[in-house]
Amino acid sequence: MFIQVNNLNKSFHNEPVLKNIHVSIGEGETVAIIGPSGAGKSTFLRTLNGLEKPTSGEIIIDGMAVTSLDTDLQKVREKVGMVFQQFNLFKHMTVIDNVAYGLIRVKNVPKEEARSRALTYLDRVGLKDKANRYPHELSGGEKQRVAIARTLAVEPKVILFDEPTSSLDPEMVKEVLVVMKSLAQAGYTILVVTHEMGFARYVANRILFMVKGEIIEDTTPDVFFTQPQTERAKAFLDQILDRYL
Ligand code: ADP
Ligand code: MG
């Protein structure tokens, strides 16, 4: 399998946060991870690119043993990009330099070539015309699209999104989801923690529903949204629907 997670456990201060996670994900899948706050969703994503070290278990991504001690985590992070809720752009750098930064610093690409590649990725997220702006001159949706371009520039195979639209004003959510959908269609392997149920239902091909450190449903969006198997998932979906009443 492209991503193979075996018996993954993670504790903080002896409190288990991930409990025996076992999951296989194929190349090109778009997986939505949903579940209540504190379920371990962010921790799970962070273990996948080595930002968090598991207590035990094994993660192999595209043949690379993320959890092995002698694996270069820099290489893991080149293969597995991550986009956060907070965009974390460098405030003192222009948009194009933000996107080129990883290429120059991590991949040793010469500056001019890095900037030219950065432009290609800015074009891809619809922001070529903002290349010379500074982050404070952009809307939240634009900043998140720059953050996505920055991740794409390193040419990852897998992109992890942790609530990429949660800090955006409602009118900016769609422009980010549209970019994410285009990446899903382009064949990137995507794992996204999201509260955007429309995206989970209609763009993802698979839902992982997490509660208290466990994946308690691993199924298709159709099944999850129309015939959830667990009481916990039913209650979660009911709560989400209640928001619209
Ligand atoms: P979610 O993203 O589903 O809301 P998290 O993965 O952020 O959940 O957190 C799961 C649990 O792990 C929570 O109880 C949280 O307080 C705890 N936790 C997360 N990160 C740390 C950390 N660095 N140190 C201690 N506890 C943590
Ligand atoms: Mg989280």
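Each ligand, and each atom within it, is numbered from 1 in the order the structure gives. Computed from a predicted structure; not experimentally measured. Just so it is clear, the values below take in all heavy atoms, side chains as well, and ignore hydrogens, waters and symmetry mates.
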Peer 1: My understanding is that a hydrophobic cluster links ILVMFWY residues whose side chain heavy atoms are under 4.5 Å apart, including indirect links. Using that, what else belongs to the cluster containing Leu103?
Peer 2: Val109
Peer 1: Got a sec, which residues hit ring-ring contact (aromatic ring centres under 6.0 Å, His included) with Phe236, two or more places apart in sequence or on another chain?
Peer 2: Phe209
Peer 1: Side chain to side chain donor-acceptor pair (under 3.5 Å) between Thr230 and Glu217: does it pass, once the steps are laid out?
Peer 2: CA-CA 8 Å; Thr230 59; Glu217 303 213 13; 2.6 Å; yes
Peer 1: Which atom pair, heavy atoms only, marks the closest approach of Pro228 to Thr226?
Peer 2: CD-C, 3.5 Å
Peer 1: Evaluate the criterion side chain to side chain contact (heavy atoms under 4.5 Å, CB included) for residue pair Val83 and Val192; output intermediate values, then yes/no.
Peer 2: CA-CA 9 Å; Val83 174; Val192 53; over 6 Å; no
Peer 1: Report the distance from atom CG of Leu138 to atom CZ of Arg133, rounding to the nearest 0.5 Å.
Peer 2: 7.5 Å
Peer 1: CD1 of Ile240 to CD1 of Ile34: how many Å apart, nearest 0.5 Å?
Peer 2: 6.5 Å
Peer 1: Do Asp162 and Gln85 have side-chain N/O donor and acceptor atoms under 3.5 Å apart?
Peer 2: no
Peer 1: Under 2.8 Å from the Mg ion (ligand 2), which protein N/O/S atoms are there?
Peer 2: Ser42 OG
Peer 1: Go ahead and list the nitrogen or oxygen contacts between ligand 1 and the protein that come in under 3.5 Å, distances to 0.1 Å, or just say none.
Peer 2:
| from | atom 1 | to | atom 2 | distance (Å) |
| --- | --- | --- | --- | --- |
| ligand 1 | 2 (O) | Ser42 | N | 2.9 |
| ligand 1 | 2 (O) | Ser42 | OG | 2.9 |
| ligand 1 | 3 (O) | Ala39 | N | 3.1 |
| ligand 1 | 3 (O) | Gly40 | N | 3.0 |
| ligand 1 | 3 (O) | Lys41 | N | 2.9 |
| ligand 1 | 3 (O) | Lys41 | NZ | 2.8 |
| ligand 1 | 4 (O) | Gly38 | N | 2.7 |
| ligand 1 | 6 (O) | Thr43 | N | 2.9 |
| ligand 1 | 6 (O) | Thr43 | OG1 | 2.5 |
| ligand 1 | 8 (O) | Gly40 | N | 3.1 |

Peer 1: More than 12 non-hydrogen atoms from neighbouring residues, nucleotides or ligands closer than 6.0 Å to NZ on Lys79, yes or no?
Peer 2: yes
